[in-house]
4 protein chains.
Amino acid sequence: MAQTKQTKAVRGTGVREAAAQATRDSILKAATKVFARYGYDGGSIEKISSSAKTHDRMIYYYFGSKEGLFIAVLEGIYHRMDRAEATCAPDTADPVAALKTVIRFKIDYYRRHPEFVTLLNTENLHKGKHVAKSEKAVEYSSTAVDLIRDILDAGVAQGLFRADLRPRDVYLLIVSTAYFFTSNRHTLSAFLGESLETPEAVAAWERFVTDSVLRVVRADAAPLPVTA
Amino acid sequence: MAQTKQTKAVRGTGVREAAAQATRDSILKAATKVFARYGYDGGSIEKISSSAKTHDRMIYYYFGSKEGLFIAVLEGIYHRMDRAEATCAPDTADPVAALKTVIRFKIDYYRRHPEFVTLLNTENLHKGKHVAKSEKAVEYSSTAVDLIRDILDAGVAQGLFRADLRPRDVYLLIVSTAYFFTSNRHTLSAFLGESLETPEAVAAWERFVTDSVLRVVRADAAPLPVTA
Amino acid sequence: MAQTKQTKAVRGTGVREAAAQATRDSILKAATKVFARYGYDGGSIEKISSSAKTHDRMIYYYFGSKEGLFIAVLEGIYHRMDRAEATCAPDTADPVAALKTVIRFKIDYYRRHPEFVTLLNTENLHKGKHVAKSEKAVEYSSTAVDLIRDILDAGVAQGLFRADLRPRDVYLLIVSTAYFFTSNRHTLSAFLGESLETPEAVAAWERFVTDSVLRVVRADAAPLPVTA
Amino acid sequence: MAQTKQTKAVRGTGVREAAAQATRDSILKAATKVFARYGYDGGSIEKISSSAKTHDRMIYYYFGSKEGLFIAVLEGIYHRMDRAEATCAPDTADPVAALKTVIRFKIDYYRRHPEFVTLLNTENLHKGKHVAKSEKAVEYSSTAVDLIRDILDAGVAQGLFRADLRPRDVYLLIVSTAYFFTSNRHTLSAFLGESLETPEAVAAWERFVTDSVLRVVRADAAPLPVTA
DNA sequence: TATGAATGAGCGTTCATTCAT
DNA sequence: CATGAATGAACGCTCATTCAT
């Protein structure tokens with residue numbers, strides 16, 4: 001078909017355009033759910049179309065292909081993540097509190113948006129080939145790291161934080177611990193013999209991560225010297 | 001599964017038994033590769049059988065079903081991981097060095113066995129339903145955490161480490177940072193705009209993680225107090 | 001087909017009528033190309049509309065259905081063939097030269113209009129059902145045979161040609177040899193192990209056909225008597 | 001699937017093998033009929049499988065793909081054509097009679113095997129791409145032309161035929177006239193306003209072609225000199 | 001022990017076409 | 001006059017699996 005309908009910036013909000021947009025949105029929403037639950041290959045077009053209460057054909061009408069739809073889904077979750085991160089926006093005047101807010105936000109966001117996690121894992125299974133095809137996805141990149149940079153800078157200025165930290169590393173430290181806990185909760189629960197899905201387990205993990213990150217960034221302490 | 005041929009304890013190592021074992025092994029090896037690359041749904045019986053140079057039918061003969069085969073694959077990677085971990089076995093007399101060895105091992109193992117990572121992600125996509133069906137998988141659980149416990153205990157005994165740490169948390173801290181770096185390297189590379197696959201990036205990450213963990217566990221430092 | 005827009009007798013050549021005619025023409029041209037290349041079933045509406053840089057819908061607006069479009073295409077190629085034949089118009093005063101001109105024209109026309117050949121083959125695959133629905137196609141019929149009749153009559157009058165020939169047979173003899181050479185060039189090339197698409201091969205075939213037809217029509221020779 | 005079952009030379013004619021061969025044959029037979037009637041694109045897998053009273057799946061089991069099936073069909077009709085031609089085998093001792101036999105055979109074969117004609121036209125629509133993939137198809141090439149060569153040689157030796165003829169040209173002359181008459185009978189009937197399908201029309205055409213070919217090959221006559 | 005034959009449901013995608021302004 | 005939205009059936013093909021020896 002090729003001539004995929006974009007419909008992104010609908011100006012004349014007539015009845016027809018609104019209905020069309022609704023169809024498009026419902027497909028996108030259903031696809032997000034289905035892909036998150038079953039993965040890319042397991043998420044069949046039929047599962048999506050029936051969940052969206054449309055016909056298979058409309059998916060191709062609006063998104064061109066399964067791959068096109070998946071890319072749109074990825075763009076969607078990245079976009080929403082980015083917006084949520086923007087609304088988080090802690091006050092960098094208090095860098096310790098800000099760091100804590102960020103950690104809490106990350107753990108919370110992944111917990112409440114497991115589809116974000118599974119979709120990202122799915123995309124990694126495919127070696128990031130879909131993200132590579134999207135121009136939008138890259139836009140949302142720097143803001144997250146920039147926030148950490150601002151916080152670290154403020155902490156350093158106040159004499160609280162070490163000056164030798166790369167913001168990207170601290171960002172990754174936080175994200176790893178928050179992401180992994182949600183991403184691998186099923187195998188971990190089986191492996192450790194205890195559920196990681198209870199509110200208590202999550203809260204305990206958040207406390208541990210917060211405490212650990214603050215130990216890492218604080219100014220007046222060194223790690224133990226490695227003897228070997 | 002019913003009358004699936006186990007062939008596990010091959011006593012009479014006749015020619016036929018050996019050939020049968022070879023077929024079984026080649027299926028298992030091929031399945032590991034295919035499932036790791038394409039996921040569970042994307043990894044078709046035909047891809048596996050042709051990669052193993054056998055017929056589809058043999059997979060059912062030896063493993064009963066696709067699910068049975070996937071479970072066997074999971075058991076295999078857990079088993080190999082467990083054995084590798086056992087050979088790691090650092091000297092707990094020097095807990096700092098031991099911790100460092102463990103971190104290096106984890107980062108290294110995930111790096112060199114990306115199939116372990118993708119298969120675990122695949123299993124988490126399916127909410128751990130296959131691991132649940134395996135009796136073997138649980139066996140390999142505690143050894144890893146026990147090692148951390150021994151190291152921490154030694155560190156505490158030597159006055160180097162904090163006493164208030166739960167081994168499981170430290171274990172998860174190490175594993176998160178090591179695992180996530182490999183697991184999400186594709187989307188992260190796109191997101192951060194720099195490749196995380198270079199040897200330099202990996203080495204730098206290992207250094208940062210080691211440094212951070214040692215800051216977390218050391219005895220004579222507290223985290224920054226949270227004001228809010 | 002019902003209320004298909006004909007637009008045939010455009011009187012008021014306003015801007016809109018001209019644009020509409022342009023759209024119609026471009027669809028017809030694209031359809032000729034696509035049907036000639038892919039056949040009727042292989043030539044999809046979408047291939048045609050995208051090649052004509054219009055929308056699928058316009059095809060239905062102007063031609064009512066895929067079948068209606070195909071009929072219009074057939075009428076078009078018949079029409080152009082008829083016009084080209086009219087411009088050929090050799091001088092019957094020299095019947096031998098005229099015959100030669102006709103043969104050259106036929107071989108040349110099929111060569112330079114392979115779409116005519118493939119479209120006719122496609123129509124024959126469908127047992128001529130579309131031509132049957134067209135009133136126009138029949139009009140162009142007799143002129144071609146009539147020309148041969150005139151030439152033969154002139155040849156007989158001049159004592160050069162046999163009098164017992166049916167013009168239709170001579171017409172078919174010429175057309176068979178010219179048409180088949182183009183129509184089956186691909187399988188023939190494979191079958192004979194030599195390309196029939198080179199200019200030399202075409203020229204040699206034209207010479208052979210001309211020579212043969214002239215032997216057939218000449219007055220003072222009989223065929224070899226059939227013994228059996 | 002790739003591992004397409006060949007089963008061509010079945011040695012152990014057990015019940016299973018025989019049944020399998022029957023399935024394969026019935027698919028091939030049905031495919032020949034369906035492709036001949038609807039063309040390649042119009043001939044759907046479902047039409048073929050239901051006509052063969054099997055399942056779609058078996059077509060892929062035995063022939064790998066639609067294209068593989070079509071190639072097998074082409075090989076089949078070429079093979080049968082070749083065998084029929086071999087059984088024709090006229091006595092070259094009487095070259096005139098032999099030539100007549102060949103012409104009759106050709107006209108007759110195309111008439112009674114219209115699927116040969118439409119399949120060849122279909123293949124030419126696709127520019128011979130399938131024949132090119134078949135190794136078998138080329139084998140049957142030369143025998144047909146060789147027969148004409150033998151006849152012409154005998155005729156020349158007896159002083160009946162011209163010596164300056166290329167066998168390939170005479171072969172093509174015969175085949176053109178025979179093939180075209182069947183191939184284009186539908187459009188021709190509409191074009192000429194008379195049916196070419198009646199036995200009388202066919203017999204008349206056979207007489208004309210025979211007469212014409214014999215005029216072309218006879219020794220003691222020249223074509224009319226071309227003045228222009 | 002091992003394998004060829006067969007199965008039917010489902011896959012992603014394209015088809016020609018109509019609806020409703 | 002022109003077109004975006006929608007439709008459902010069919011497309012070629014692959015799926016995991018069982019049958020029958």
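Because the structure is predicted, anything quoted here is derived from the model rather than measured. Computed from heavy atoms alone, side chains included, the values below leave out hydrogens, waters and symmetry copies.
Between C:His55 and F:dT3 there is no side-chain N or O to OP1 or OP2 distance below 4.0 Å. Side-chain N/O atoms of B:Tyr62 include none lying less than 4.0 angstrom from OP1 or OP2 on E:dT1. An OP1 or OP2 oxygen of E:dA6 is reached within less than 4.0 angstrom by a side-chain nitrogen or oxygen of D:Thr23.
Taking atom CZ of A:Phe70 as the reference point, atom P of E:dG12 lies 13 Å away to the nearest angstrom.
No donor-acceptor pair closer than 3.5 Å links the side chain of C:Glu123 to the backbone N or O of C:Leu74. Side chain of A:Ser26 to backbone of A:Ala52: a donor-acceptor contact under 3.5 angstrom is found.
Residues D:Glu75 and D:Ser134 bring a donor and an acceptor atom of their side chains to less than 3.5 Å of each other.
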Next on the checklist: Assess the residue pair A:Leu69 and A:Leu28 against the criterion (side-chain contact (heavy atoms from CB on, under 4.5 Å)); give the C-alpha distance rounded to whole Å, side-chain angles, the decisive distance to 0.1 Å, and a yes or no.
Outcome noted: CA-CA 7 Å; A:Leu69 176 57; A:Leu28 206 47; 4.1 Å; yes
Item to check | Worked verdict on D:Arg37 versus D:Lys47 for side-chain contact (heavy atoms from CB on, under 4.5 Å) | outcome: CA-CA 11 Å; D:Arg37 180 157 172 192; D:Lys47 278 196 188 103; over 6 Å; no
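With both pairing distances under 3.5 Å, F:dA20 is matched to E:dT3 as a Watson-Crick or G-U wobble pair. When both distances must be under 3.5 Å, the Watson-Crick or G-U wobble mate of F:dG8 is E:dC15.
Judged by distance alone with a 3.5 Å cut-off, no donor-acceptor contact links the side chain of A:Tyr61 to the base of F:dA6.
Residues satisfying the ring-ring contact (aromatic ring centres under 6.0 Å, His included) test with A:His126, not counting sequence neighbours, are A:Tyr40, A:His130.
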Next on the checklist: One character per nucleotide, please: for nucleotides 15-21 of chain F, 5' to 3', B when the base has a protein heavy atom closer than 4.0 Å, S when only the sugar-phosphate does, - otherwise.
Outcome noted: BSBBBBS
